[in-house]
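Everything on this sheet refers to the single structure shown next.
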Amino acid sequence: MASSKNITRFWEWGRKIICVGRNYADHAKELKNAVPSEPVLFLKPPSAYVTEGSPILLPFYTTNLHHEVELGVVIGTRGVAIPQESAMDHVAGYALCLDMTARDIQDQCKAKGLPWTLAKAFDTSCPVSEYIPKERIPNPGNLRLWLKVNDQLRQDGHTSHMMFSVPFLISYISDFITLEEGDLILTGTPKGVASVQEHDEIQAGIEDIVNMTFRVGRP
Ligand SMILES: CC(=O)CC(=O)C(=O)O
Ligand SMILES: [Mg+2]
């Protein structure tokens, strides 16, 4: 029987969101983090998804909610231990994503050696754009990503500055975690992360391929 699921609404599938941290040296440096020799991975639950028209909710326990604009890769075909050479065959498409981060909570977790879950995985911590079919992005390593808050440019990065490429990340992740249709990989953020407040308007885009707008609100 044909699946009733539609990959263009991958956020409704309840699949994994696998995030890569510190994939841009300029961002690792701005937060005074070491530049890693291997990808840093963490997860968000599917309840983190939010799409345009709904607000990004400020968690009550943070006073420093940061935006991180990132390229998201939507997996189309299941795979384990995928070789880099065939990694792109597992990609269905892309999305522009935000990795909303309670930076004060993350700093506390880091200081105590605890996981980042409350800093990174809360409801609405993963705003996503519409689905972008793979054909519209011939090379995910050659894209300008930008983000504005209240019309002020905050992040203006380029995926050519990623330390670990999309094929490398797919191969690396699939050595530890089975990648399944509908999973999303967030590929890390360039420099310029900063805080947002209630009522702020966040706009972000990938060149002239996609753009999206979100408001920040209170639960
Ligand atoms: C330090 C971080 O929050 C890592 C991260 O998410 C990134 O995109 O880099
Ligand atoms: Mg991030």
Side-chain angles (χ1 to χ4, degrees), residues 11 16-50 56-59 61-74 94-129 140-141 143-149 154-166 168-170 172-173 176-177 183-196 202 204-206 212 214 216:
W11 53 85
K16 301 182 288 298
I17 306 171
I18 303 159
C19 307
V20 179
R22 303 177 188 166
N23 198 20
Y24 291 77
D26 58 2
H27 169 60
K29 283 181 191 149
E30 75 178 340
L31 293 186
K32 299 188 172 41
N33 290 317
V35 174
S37 54
E38 286 193 25
V40 173
L41 302 182
F42 58 94
L43 295 168
K44 290 179 190 273
S47 46
Y49 278 126
V50 61
I56 297 168
L57 300 175
L58 260 168
Y61 51 82
T62 182
T63 56
N64 194 14
L65 180 65
H66 274 198
H67 54 76
E68 295 188 0
V69 70
E70 309 200 2
L71 175 68
V73 180
V74 181
Y94 301 91
L96 181 60
C97 306
L98 304 183
D99 170 15
M100 298 305 297
T101 303
R103 195 69 71 196
D104 45 354
I105 307 302
Q106 186 189 31
D107 288 345
Q108 290 168 22
C109 293
K110 276 158 60 177
K112 293 179 190 161
L114 293 174
W116 298 350
T117 308
L118 293 185
K120 291 281 199 179
F122 53 87
D123 289 354
T124 76
S125 61
C126 190
V128 289
S129 72
L143 297 170
R144 178 181 171 237
L145 304 177
W146 58 268
L147 180 142
K148 292 179 183 177
V149 177
R154 296 260 189 101
Q155 291 189 266
D156 191 1
H158 204 273
T159 58
S160 60
H161 296 149
M162 282 184 189
M163 286 183 289
F164 304 108
S165 68
V166 169
F168 180 89
L169 291 172
I170 290 171
Y172 181 88
I173 293 167
F176 305 100
I177 301 170
D183 284 350
L184 178 72
I185 300 172
L186 265 61
T187 56
T189 197
K191 73 170 183 200
V193 301
S195 60
V196 290
I202 303 177
I206 302 177
M212 62 184 190
F214 285 88
V216 180

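Each ligand, and each atom within it, is numbered from 1 in the order the structure gives. Below, all heavy atoms of this structure are taken into account, side chains as well, without hydrogens, waters or symmetry copies.
Salt-bridge check for Asp156 with Lys191: failed, with every basic side-chain N at 4.0 Å or more from each acidic carboxylate O. A salt bridge is defined here as a Lys NZ or Arg NE, NH1 or NH2 lying under 4.0 Å from an Asp or Glu carboxylate O, and Glu38 with Arg22 fails to meet this definition.
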With the criterion set at N/O pairs under 3.5 Å, what does the list of contacts between the protein and ligand 1 look like, atom names and distances included?
unit_1, atom_1, unit_2, atom_2, d
ligand 1, 3 (O), Glu68, OE2, 3.2
ligand 1, 3 (O), Arg103, NH1, 3.1
ligand 1, 3 (O), Gln106, NE2, 3.0
ligand 1, 3 (O), Lys120, NZ, 2.7
ligand 1, 6 (O), Glu68, OE1, 2.9
ligand 1, 6 (O), Asp99, OD2, 2.9
ligand 1, 6 (O), Lys120, NZ, 2.7
ligand 1, 8 (O), Glu68, OE1, 3.0
ligand 1, 8 (O), Glu70, OE2, 2.9
ligand 1, 8 (O), Thr189, N, 3.1
ligand 1, 9 (O), Arg22, N, 2.7
ligand 1, 9 (O), His27, NE2, 3.4

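The side chain to side chain contact (heavy atoms under 4.5 Å, CB included) check on Ser47 picks up Pro45, Asp123, with sequence neighbours excluded.
Exactly one of Val50, Leu184, Leu96 qualifies for a side-chain contact (heavy atoms from CB on, under 4.5 Å) with Val128. That residue is Leu184. Checking each of Val196, Thr124, Ile56 against Phe214 for a side-chain contact (heavy atoms from CB on, under 4.5 Å) leaves exactly one that passes, namely Ile56.
Within a 6.0 Å radius of NZ in Lys29, no more than 12 heavy atoms belonging to other residues, nucleotides or ligands are found.
The shortest non-hydrogen separation linking Val166 to Pro140 is CG2-CB, 3.9 Å.
For residues 17-44, the pairs satisfying ring-ring contact (aromatic ring centres under 6.0 Å, His included) are Phe42-Trp116, with sequence neighbours left out.
Protein nitrogen, oxygen and sulfur atoms, that is N, O or S, within less than 2.8 Å of the Mg ion (ligand 2) amount to 3.
Side-chain N/O atoms of Asp104 and Thr62 include a donor and acceptor closer than 3.5 Å.
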